[in-house]
Number of protein chains: 2
Amino acid sequence: MEQETRLTESRPASPGTLRPGGRTAKVRGAVLDATRDALAETGFHALNMDRIAASAGVGKTTVYRRWGSPVGLVTDLLHDMAEQSLPAADTGGLAGDLRANAELVRDTLADPRVGAVFHAVIAAAACDEECARALAGFYRTRLAEWAPVVARGAERGEIPAETDPLELLRAVSAPLYYRFAVTHEELTADVAERAAEAALAAARGGVFTRPQGASGDPIGQE
Amino acid sequence: MEQETRLTESRPASPGTLRPGGRTAKVRGAVLDATRDALAETGFHALNMDRIAASAGVGKTTVYRRWGSPVGLVTDLLHDMAEQSLPAADTGGLAGDLRANAELVRDTLADPRVGAVFHAVIAAAACDEECARALAGFYRTRLAEWAPVVARGAERGEIPAETDPLELLRAVSAPLYYRFAVTHEELTADVAERAAEAALAAARGGVFTRPQGASGDPIGQE
DNA sequence: TCCTTAATGGGAGACTGGTTCCGTTAAGAT
DNA sequence: ATCTTAACGGAACCAGTCTCCCATTAAGGA
């Protein structure tokens with residue numbers, strides 16, 4: 001409200017927040033596009049602020065001021081990705097839904113361009129605390145979107161009623177991300193299939209049942 | 001033999017290979033120690049060749065010549081780690097062995113110093129192809145060491161005879177690494193326990209059975 | 001429409017990180 | 001013990017990266 005508190009000018013409110021309109025938004029779009037391209041072509045290690053500015057047709061001062069570092073660029077890219085959410089599947093059965101989920105993850109990571117972005121995001125998160133938080137947030141929303149799938153399966157009696165939805169979903173993703181980020185193995189179709197099957201088998205065996213519905217914080221932070 | 005072939009000086013054979021004795025070995029030890037320390041304290045993003053040289057008490061020329069870049073340092077550190085292998089457990093039952101394995105992985109990643117090294121290794125592998133190969137090699141030997149555990153379990157009839165040992169072991173590790181590298185969740189004791197249980201349940205359900213003993217290449221490369 | 005000022009962008013300069021040169025040290029062979 | 005030369009290390013040098021200053025543009029409000 002008041003604009004003359006005593007902390008005037010101590011917080012310039014970080015560029016882009018007070019006038020997020022036309023130009024500012026356009027600049028952000030161009031920079032994030034350029035970042036995506038650069039990651040797909042040369043990878044995270046070669047991500048260079050100057051080059052991004054040049055290929056985005058934007059002053060490099062602006063890039064340094066608004067994003068600060070390559071990690072900052074990747075973090076913002078992650079926020080951007082988090083905004084576009086696609087709905088979960090509903091094949092009528094839990095097995096089918098989980099498999100659809102596994103295939104979605106696989107297709108995402110296996111795509112050369114998107115895969116490069118995820119490699120970068122993982123690398124950046126390993127370096128920077130804030131980026132790690134952004135990444136955790138991304139998965140929190142992603143998993144939350146798919147949780148109903150598990151709930152429906154439980155209602156149908158396909159798995160124990162007390163199954164923790166997030167735990168099951170993590171079990172589906174884990175083998176894919178493990179191969180992607182750690183052992184760098186190829187993500188074939190049957191890796192995805194097996195991930196879904198294994199998770200379901202474990203769920204049926206009651207491995208993912210938790211005392212309550214586990215409404216605590218689902219994804220913690222480092 | 002002859003020292004005047006026409007490819008003289010084209011391959012200096014990379015420093016450290018022709019005279020790996022006293023001094024050279026000492027330098028490598030000091031540099032890798034300094035690298036470990038730096039990773040534990042400031043993480044991969046801040047890994048700086050100059051600083052490593054200084055804190056190792058070694059000329060920076062040497063560090064640049066032998067390792068070339070931060071990624072090179074981490075890659076060599078990984079090779080060094082791969083040499084020290086600790087034997088697999090043998091508790092008498094597959095459930096116990098898998099649980100021991102999961103706990104070993106958990107303890108490794110949860111240790112602040114070692115965990116930092118693994119974060120760095122994962123980040124470096126996301127940036128550099130050679131480092132990714134080194135990482136894949138590391139896990140190939142690690143898993144191979146534990147494979148007999150699964151074979152014994154199969155002999156005892158605890159799981160289907162055709163179970164692919166590596167596939168089962170990967171299933172144990174995956175949830176831990178997923179949390180460690182991707183979602184950055186805390187690695188609690190029950191995460192490890194559940195990883196082992198889930199993998200075993202899936203194995204019992206025959207999810208990891210493969211046509212043959214699967215003697216092809218177990219871990220591919222990107 | 002006009003005004004205020006947030007946000008951008010070009011360019012000069014400083015700085016850090018990386019490379020090269022060359023003399024010194026000591027590993028390994030005789 | 002002596003010799004050859006691999007490997008090291010100090011210092012100057014070069015380059016790409018980042019910061020700062022200030023003029024210019026246009027967003028959002030009156």
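Every chain is numbered from 1, with letters handed out A, B, ... down the list of sequences. Below, all heavy atoms of this structure are taken into account, side chains as well, without hydrogens, waters or symmetry copies.
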**Q** Can a side chain N or O of Arg28(B) be found less than 4.0 Å away from OP1 or OP2 on dA7(D)?
**A**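 Negative; the distance criterion is not met.
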**Q** Does a nitrogen or oxygen in the side chain of Thr62(B) sit under 4.0 Å from OP1 or OP2 of dG9(D)?
**A**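 Yes, within the criterion.
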**Q** Compare every heavy atom of Ala124(A) with every heavy atom of Val74(A), then report the nearest pair and how far apart it is.
**A**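 Looking at all heavy atoms of both residues, the closest pair is CG1-CB, 3.9 Å.
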**Q** Are OP1 or OP2 of dT20(C) and a side-chain N or O of Arg65(B) less than 4.0 angstrom apart?
**A**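 Answer is no, no contact under 4.0 Å.
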**Q** Taking the side chain as C-beta and beyond, is there a heavy-atom pair between Glu167(B) and Val207(B) under 4.5 Å?
**A**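 No, too far: nothing below the 4.5 Å cut-off.
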**Q** Among dG9(D), dC8(D), dG18(C), find the nucleotide with the atom closest to the side chain of Val58(B).
**A**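 Selected nucleotide (nearest to the side chain): dG9(D).
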**Q** Let me know the distance between CE of Met49(A) and P of dT8(C), rounded to the nearest Å.
**A**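 Going from CE in Met49(A) over to P in dT8(C) covers 13 Å.
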**Q** Are OP1 or OP2 of dA6(D) and a side-chain N or O of Arg23(B) less than 4.0 angstrom apart?
**A**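 Looking at the OP1 and OP2 atoms of dA6(D), neither is under 4.0 Å from any side-chain N or O of Arg23(B).
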**Q** Could you tell me how far apart Lys60(A) (NZ) and dT17(D) (C1') are, to the nearest whole angstrom?
**A**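 Answer to the nearest Å: 7 Å.
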**Q** Take the protein atom CZ of Arg51(A) and the nucleotide atom C1' of dC18(D), then report the distance between them rounded to whole Å.
**A**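 From Arg51(A) CZ to dC18(D) C1': 14 Å.
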**Q** Are OP1 or OP2 of dT19(C) and a side-chain N or O of Tyr64(B) less than 4.0 angstrom apart?
**A**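 Answer is no, no contact under 4.0 Å.
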**Q** What is the distance from NZ of Lys26(B) to P of dG9(D), rounded to the nearest Å?
**A**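 From Lys26(B) NZ to dG9(D) P: 12 Å.
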**Q** How long is the line joining CG of Asp50(A) and C1' of dG9(C), in whole Å?
**A**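 So the CG-C1' distance, Asp50(A) to dG9(C), works out to 13 Å.
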**Q** Can you check the Trp67(B) CH2 to dG18(C) P distance for me, whole Å?
**A**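 That distance rounds to 15 Å.
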**Q** Kindly assign one of parallel, tilted or perpendicular to the pair Phe118(A) and Tyr177(A), based on the angle between their ring planes and the thresholds 30° and 60°.
**A**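 Tilted, since the angle between the ring planes falls between 30° and 60°.
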**Q** Report the C-alpha separation of Val191(A) and Arg106(A) in whole Å, then their side-chain angles, then the decisive distance to 0.1 Å, and conclude whether the side-chain contact (heavy atoms from CB on, under 4.5 Å) test is met.
**A** CA-CA 9 Å; Val191(A) 168; Arg106(A) 183 194 98 92; over 6 Å; no
**Q** Between Leu47(B) (CG) and dG17(C) (P), how many Å, whole number?
**A**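 One finds 11 Å between P of dG17(C) and CG of Leu47(B), rounded.
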**Q** Of all the nucleotides listed (dT19(D), dT20(C), dG17(C)), which has the minimum atom distance to the side chain of Thr61(B)?
**A**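 Of the options given, the side chain of Thr61(B) lies nearest dT20(C).
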**Q** Using a cut-off of strictly less than 4.0 Å, decide whether Asn48(B) has a side-chain nitrogen or oxygen near OP1 or OP2 of dG17(C).
**A**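 Answer yes for this pair, as a side-chain N or O of Asn48(B) is under 4.0 Å from OP1 or OP2.
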**Q** Flag the pair Arg194(A) and Glu197(A) as a salt bridge only when some basic side-chain nitrogen lies within less than 4.0 angstrom of an acidic carboxylate oxygen.
**A**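 Looking at Arg194(A) and Glu197(A), the cut-off is not met.
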**Q** So what does Arg66(A) touch, heavy atoms closer than 4.0 Å: a base, only the sugar-phosphate, or nothing?
**A**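 Contact class for Arg66(A): sugar-phosphate only.
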